[in-house]
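Each chain gets a letter, A, B and so on, in the order the sequences are listed, and its residues count up from 1.
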Amino acid sequence: MAGSCLKGRFLSLFDYKTEKYIVAKNKKVGVLYRVIQLSIIGYIIGWVFVSKKGYQETDEAIQSSVITKLKGVSVTNTSESGLLVWGPEDYVIPPQVKTFTQYVQTIRPLLETEISSLKLKCSVVFSSGIMSGRCLRKDENSNGTCEIYGWCPIERKFKPQGPLLTNAENFTIYIKNFIQFPKFKFSKSNVLETSDDSYLKKCRYDEELHPYCPIFRLGDITQRARYNFQDMSTFGGSIGIMISWNCDLDKGYSHCHPQYYFTRLDISVSNTTIATGFNFRHARYFKNATGESYRSLFKVYGVRFNIMVHGKAGMFSIIPTAINVASGLALMGAVTFFCDMVLLYLMKKGNSYRERKFEDCRYDKQHRSTDENLTF
Amino acid sequence: MAGSCLKGRFLSLFDYKTEKYIVAKNKKVGVLYRVIQLSIIGYIIGWVFVSKKGYQETDEAIQSSVITKLKGVSVTNTSESGLLVWGPEDYVIPPQVKTFTQYVQTIRPLLETEISSLKLKCSVVFSSGIMSGRCLRKDENSNGTCEIYGWCPIERKFKPQGPLLTNAENFTIYIKNFIQFPKFKFSKSNVLETSDDSYLKKCRYDEELHPYCPIFRLGDITQRARYNFQDMSTFGGSIGIMISWNCDLDKGYSHCHPQYYFTRLDISVSNTTIATGFNFRHARYFKNATGESYRSLFKVYGVRFNIMVHGKAGMFSIIPTAINVASGLALMGAVTFFCDMVLLYLMKKGNSYRERKFEDCRYDKQHRSTDENLTF
Amino acid sequence: MAGSCLKGRFLSLFDYKTEKYIVAKNKKVGVLYRVIQLSIIGYIIGWVFVSKKGYQETDEAIQSSVITKLKGVSVTNTSESGLLVWGPEDYVIPPQVKTFTQYVQTIRPLLETEISSLKLKCSVVFSSGIMSGRCLRKDENSNGTCEIYGWCPIERKFKPQGPLLTNAENFTIYIKNFIQFPKFKFSKSNVLETSDDSYLKKCRYDEELHPYCPIFRLGDITQRARYNFQDMSTFGGSIGIMISWNCDLDKGYSHCHPQYYFTRLDISVSNTTIATGFNFRHARYFKNATGESYRSLFKVYGVRFNIMVHGKAGMFSIIPTAINVASGLALMGAVTFFCDMVLLYLMKKGNSYRERKFEDCRYDKQHRSTDENLTF
């Protein structure tokens, strides 16, 4: 009769087995149990799912590329260089269009030129050269001068008097940012998708009127960072342009928009060690008619734009949903254990509950001292 | 007898307690229970573990560095510049070897030179200079010309006739990509680890024959992006080289290989606002014998290579495994609850099951109306 | 009486129901159960919470910006160029201050100059030019020379004899690294927050004495990477500076500090295909008095600094804590199931336990053959 036995075993698989419960008519523990249970349900639904979107898988590894184009022409007229015209080729460093996750573009509305010939010894009080060893002291009490090796004449001490390119605040910067969330194969650009090409040529970004226009006026950018462009361009400065993508992909392609934040980076309240302003030196090399090298050293006061892109995308996924639901269920199991402890060990009638809850397995129906039935 | 009492309590810790079950001989609920149970097991094993590799911890914060070297020499002969030889020092921008996560290298197979002297006023119909205020109109009906401040002569309107460096498609680019997954302390390079140095000098990448050769022919790259190099190099273009590392580190070091994808970035079907092609301007500065500055402005039509690296690594970890197994177990607990509800409230004999499942805790064995034993 | 019935149902919601257990006085299974239970508690507390900080949410998408400034002056005196003074404007490539997540700065303490005029045909044995087609063979047995198009004279074969800038190891590099963990809105800089400005000007990084000083001596950096600066600067080299931020934000702002690691990147033990050293070519363009272009080609042996920033921050969060606690609880449920299996099917008295555990639901109290009560 092995066949029928196996069949019986197989059929018993489909006998539904359910746990046997004891009803403890104890309203205190009952209310406690329901209150904790509701708290857990509230936490799972309210905090995990609604507030933290726990049903979504997130991708924070945003891939981004940025292209910028500056536009604007300025004329300068200094006694040193005479009349000069500045186009983006001249004032933008680095010159060519590049694309990076984090992108830095410098414009230099203020600059000082100093041409140093190849005379290699000069007598100065102090400079950043290498001492030749010969020190010329006029008398005991004066500082005297030391001969140094260095590009001569040495760099003049120079305090900028104001921006050289006075109309730079009307220059515009076009920022094209293309992003991708690789996990969800989602990609988008910050440039408004419109068939109206002229809009994208003439518009200027405005938080309320034109939030999806990719062309920014430099003066507007500094103003949004709460600084005056003219003040900043005298000693240079550093502006952070943050492009923030926070996309709920369950809501669809058209709801994923960038937000722009502007901050001044070269000023910090707490940290006094960072000098305000932004300047750097660079050199251009020339040869004269006899083939001798000389260089022009430029100390440039500029405005640096640091474009930073970050973002996060979320999309419904079954695995985090299951894990969060399951964590709620498992915590409810813990509530049962906790309330059991309260019922059995803190309530007056604990002993009698224990006797009923733990049925002794010895077939003789004599109840043992329930004291020994400590469960853990 | 406190000692023996404590000993008894301690020993009872090792009495195994097991829940008491009631066998409901209800095949409908039994089958329902087993079907849902199997679905959950299938989901956990099939989807979470096999398909999504839920037993692995993942690292998506890939650290990458890229070095490229271009090789190839070209000769040009134009009426403007005469015979010129172009080596990588000349046509690659930026010139030096750099290393970034996202890397951009531009070659310029086509260029137009224009030398502008420092004459600062010129009369043109329209240009990107600053108006001097003087407008010269010949008569009422013609457009006339306006005097502007600007580098003169102004940039000529110029349509490229074809690539200047005609053999640029035979140039090669060597891409060395070194990646690291910091979480797993795993690092690898895309260059085949071979002792055969000559292979790495002579090989050319081929998806099937030489998938681990790091040297790419420019013509092959554009062809894989489904464009013709000659067409693209006339007006310039932008090519994305995606290096994708998708590594299952449980399979070992040698199974972690990069894959290369090539796409043209400057052409998009939906977005009509992006102009096809790629060009930029840059300037070189010179001084003449009298020390006067002048510049050469170059409008460069080039091919830009945007190398993007992304990757993901997974490795077995006990924590995600435990969480996923536990989520399956907790969901099975929910099935029990659900089937209980079906059994007790939807089945005909629900009342009798309820009477058995919920044992009244009052010691008098009279059964209460089971209607009140609504469980939640 | 519908009202009193509903009230009864509502009140019964607050009757606490607790599962009925059977005490199996089987010490073997009891001990097994407690051992597994303790292992799980130990795993959750010891491994998940204490070792892996499973109660924390982590952010690995560190945002970083790096600014470097090199300081140091050197004098060279070669027969080719005569006495020359080198400041950071001259030896740092790229010249201007930039800021990137991954940052590369090259200094060139050793260089070779070669001026090539525009003569475009030269006769050489072999060079990287384009063959003009004319080959000049003196006689059958010699190699002869071929005429090529190329910049002439061609680059000389040149083995560097030692670093040109001999005191480069005393140069200093100031590294300012600003990081941000966007998820926790936490930001910090590697520069010690001190009101003592002179400390930050004079200090030099030392792992033990000055771990938060941002100024590094080049010689110290190479020494920490276990190489000699003089040896390395002859043929150039590549040094990786890793800035590692591993922050437990629960411990507070002041406990989040960077750690610096230095490694030499251009030497690898296993991979023989990477040549040791680091050099690159770049060109400068000049015009002579008659306006003819010529260029100087520089083959530069330099030391490249590759600054890499990575980091991870963790902060207490209720969701991962709940998930990990819940996973432990759910696994304990699995232990019960496993021990039940052992008790019912592997123990001698299994049948009698089964009879007690599974209470038949048919109201006639005759016990069925427990063989059929196979549970799954």
Nearest heavy-atom approach of C:W47 to B:I318 is NE1-CG2, 3.4 Å
Would you call C:Y33 and B:L13 a side-chain contact if the rule is heavy atoms closer than 4.5 Å?
-> no
C:F338 atom CZ, neighbour heavy-atom count above 12 within 6.0 Å | no
C:E19 bridged to B:K20 by N-O distance under 4.0 Å = no
What part of B:K349 lies closer than 4.5 angstrom to a heavy atom of chain C: side chain, backbone, both or neither?
-> neither
Interface check, chain B: of C:G328, C:A334, C:G30, most non-hydrogen pairs under 4.5 Å belong to C:G30
Return the minimal non-hydrogen interatomic distance between B:A326 and C:A330, and the atom names on each side.
-> O-CB, 3.4 Å
Which bit of C:I44 is near chain B, if near means a heavy-atom gap under 4.5 Å: side chain, backbone, both or neither?
-> neither
Say you draw a straight line from CG of C:L331 to CD1 of B:I323; how long is it, rounded to the nearest 0.5 Å?
-> 9.5 Å
Pairwise side-chain contact, C:I22 with B:K17, heavy-atom cut-off 4.5 Å (strictly under) | no
Against chain B, label C:K312 side chain, backbone, both or neither, depending on which of its atoms sit under 4.5 Å from a heavy atom there.
-> neither
Sorted by chain and residue number, the side chain to side chain contact (heavy atoms under 4.5 Å, CB included) partners of B:P182 (sequence neighbours excluded) come out as B:D59, B:Q63, C:H310
Residues pairing under side-chain hydrogen bond (donor to acceptor under 3.5 Å, both in side chains) where one sits in residues 322-342 of chain C, two or more places apart or in two chains, turn out to be B:Y16-C:D340, B:T18-C:D340, C:D340-C:K357
Compare every heavy atom of C:F358 with every heavy atom of B:V23, then report the nearest pair and how far apart it is.
-> CG2-CB, 3.6 Å
